[in-house]
Amino acid sequence: MTAGDESVRTDDESARTDDETAQTGDESAQTGDESARTDDETAQTGDESARSDTADDGTRDQRIPTESITEGGLVGPLFHLAWPIVMIQLLQVMYNVADTLYLGRLSADAVGAVSLAFPLIFLLIAVAGGFTTAGAILVAQYTGADGDRSAGLVAGQTIVTVAVLSVFIGIGGFLYTRPALEILPSDPETAAAVIPLAADYMEVIFAGIPLMFGFFVFSALMRGYGDARTPMAVMVLSVFLNVLLDPFLIFGFAGNPLFQWLADVPVVSVLDPMVVQSSGLAATGFTGYGIEGAAIATIFSRGVATAIGIWLLFATDVGPAVDLTHLRPNLSFIGDIFRLGLPSSVEQTTSALAMITLTAMIVTFSPPVVAAYGLGNRLISLVFLPAMGLGRAIDTMVGQNLGAGRADRAGRAVTLAAGTGAGVMFLVAVVAVVFTEPIVGAFLGEVPDAAATIAYAVEYVRIRSVEFAFIGVSQVILGAFRGAGNTKIAMVISILTLWVGRVASVAYLVFVAGWGETGVWVGMAIGNVLGAVVGVAWFARGTWTERYIDEPTRDAPFGDG
């Protein structure tokens, strides 16, 4: 396979945190039960050489055996692939949810500020995100081809490449945050109340962005190696730290909602948490850092995760065998990482630019609408998880079955996953419609504009619930194209979903049709409906069934293709 072929395969994988290497969650592999693996081999061809890459040293036995994906029932492997992906994505979302939950007790403007900040942060993160994906893909390929030494060297070069990029991105983001926000066409009240808060938040994030990237690299390399459990465990600790630090760094000992919540817990209430808060304020005078405290909590918790990840890679036998000599820059390796990473970066930045364009339109509205948009998006990101899990699982199932010459089985897997995704997401939509108001209300306390923000957010979520079943279908179809190697098709569908379905629709409904904020809600919902319709039509052509990959040459030197 040429480097160009590999670049094509990675065009679309940057949109995922769990790429083709997320073939994890097999309980039998995780328990080290070698007898169960032997039974599986006996039931198949008995080809021991096909499994040698997972049996050499026991460190790669957390991936789902290929036989369970290409033979037997479909429901089992689909579930075992999907659930760890959902859990990892849920942990990622928890960072945003924790910030929103606590900042909603600070002010609606703070919630709006974070919703404005995220697209701009994501744009710069996307630049380096593609190279993280490239490292994961190369580690996966060399690990699968028993290239342990090359996998370690790729990991080292990826760490160096992304570390250097993160420093430049952090400096650039810190220096240009306020100028970038100033050019947004904002409502006067939004410009006065929300934009300065967004700038405060973003400056702290960019100052600490190398610490965030360190964990991203560790997580991607581990997934590429076939181990998603270890980064998931590290993320659990990181999320716990963020949830614990958020209220103290935002509020300190003045109006901290955590103390109020603890006062309502029967057992804990005997300690009188409100008195503890008053005593803490009297002793320290600490009233928190406001929105900047949320950013500090995120950077610190990510930094701890980065430190643990680097220690695991260099000081233990977890993951690819990396040592300090692998950090010496190797231009040949770095060149290949750039060739694979650039297409992914372009795809991610295209998505980020669409988000920024939408944000530029949103800030022309009043602060309650801006806050409702951010709050609604956070809630819908949770709703999105089941569909995302199925989509990421199906790309692995399609890829492996096409590789094994089982196009018929790949097609049945897509049909099963699409039907399951649509059904599950329809049920989620029903729950979202019935319980929207109490769910949205839980994220805002008694703050100014809370009632208006809740009303707008309820309308937003209910309108977008129409697209939930389509999300389930579109994610599975996109996953099928990715798994088949047709990443350009998936990229085209994604661009249509974002730029035509969302950006163009919102612009028309708001500025031409004059629908106001309702035009935003409806336009956002059109995107995935369009993506599902186009995706199904394209998928029905059947051109995706052609396998394009070549068998990897196990002993080929890196970069030879």
Side-chain angles (χ1 to χ4, degrees), residues 108 111-112 115-116 118-119 184-187 190 351-384 387-388 421-422 425-437 439-441 443 449 451-475 477-478 493-537:
V111 176
S115 71
L116 292 184
F118 178 75
L184 293 177
S186 306
D187 171 89
T190 297
S351 298
L353 287 171
M355 295 174 63
I356 291 173
T357 304
L358 287 167
T359 300
M361 290 188 280
I362 296 302
V363 296
T364 62
F365 290 88
S366 62
V369 175
V370 175
Y373 174 76
L375 181 57
N377 284 341
R378 296 296 172 89
L379 293 175
I380 291 170
S381 68
L382 290 173
V383 170
F384 194 72
M388 180 180 291
M425 295 300 288
F426 177 78
L427 294 176
V428 172
V430 172
V431 173
V433 169
V434 174
F435 299 103
T436 307
E437 189 163 353
I439 293 173
V440 170
F443 284 86
D449 295 328
T453 299
I454 291 173
Y456 285 130
V458 167
E459 181 185 16
Y460 180 31
V461 173
R462 284 178 175 168
I463 289 176
R464 286 203 62 182
S465 66
V466 173
E467 70 172 317
F468 286 179
F470 291 93
I471 291 176
V473 174
S474 65
Q475 286 300 301
I477 296 299
L478 288 173
I493 295 174
S494 296
I495 291 174
L496 286 174
T497 298
L498 283 169
W499 284 96
V500 178
R502 286 190 179 177
V503 175
S505 296
V506 170
Y508 174 79
L509 294 175
V510 171
F511 300 111
V512 179
W515 285 23
E517 65 277 351
T518 302
V520 177
W521 315 151
V522 174
M524 292 293 291
I526 290 175
N528 279 299
V529 175
L530 175 64
V533 171
V534 174
V536 168

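We use all heavy atoms of the structure for the numbers below, so side chains are in, but hydrogens, waters and symmetry mates are not.
- Atoms CE and CD1, from M524 and I526 in turn, are 11.0 Å apart once rounded to the nearest 0.5 Å.
- To the nearest 0.5 Å, atoms CD1 (I356) and CG (L116) are separated by 11.0 Å.
- Within 6.0 Å of the CZ atom in F435, the count of heavy atoms belonging to other residues, nucleotides or ligands does not exceed 12.
- The shortest side-chain heavy-atom distance between M425 and V383 falls under the 4.5 Å cut-off.
- Remark: E517 engages no residue in a side chain to side chain donor-acceptor pair (under 3.5 Å) (not counting sequence neighbours).
- Looking at heavy atoms from C-beta onward, F468 lies in side-chain contact with S465 at the 4.5 angstrom threshold.
- Remark: I495 pairs with T350, M491, W499 by the side-chain contact (heavy atoms from CB on, under 4.5 Å) rule, at least two apart or across chains.
- Here CG of N528 is found 5.5 Å from CZ of R502. Values are rounded to the nearest 0.5 Å.
- The shortest side-chain heavy-atom distance between Y456 and Y373 does not fall under the 4.5 Å cut-off.
- Distance check, rounded to the nearest 0.5 Å: OG1 of T453 to CG of L375 gives 8.0 Å.
- Contact between A452 and P368 at its shortest, heavy atoms only, is CB-CB, 4.0 Å.
- Between L530 and T497 the shortest side-chain heavy-atom distance does not fall below 4.5 Å.
- L379 approaches V440 most closely through the heavy-atom pair CD1-CG2, 3.6 Å.
- Here the closest heavy-atom approach between residue L498 and residue A354 is recorded as CB-CB, 4.0 Å.
- Using a 4.5 Å cut-off on side-chain heavy atoms (C-beta onward), I463 and T518 make contact.
- Applying the side chain to side chain donor-acceptor pair (under 3.5 Å) criterion to Y460, with sequence neighbours excluded, gives N377, R464.
- Heavy-atom minimum distance, S505 versus G523: CB-CA, 3.9 Å.
- Atoms CD1 and CD1, on I380 and I471 in that order, are 7.0 Å from each other to the nearest 0.5 Å.
- Nearest heavy-atom pair, A457 versus A372, reported as atom, atom and distance to 0.1 Å: N-CB, 3.5 Å.
- The heavy-atom pair separating V510 from G516 by the smallest distance is CG2-O, 3.5 Å.
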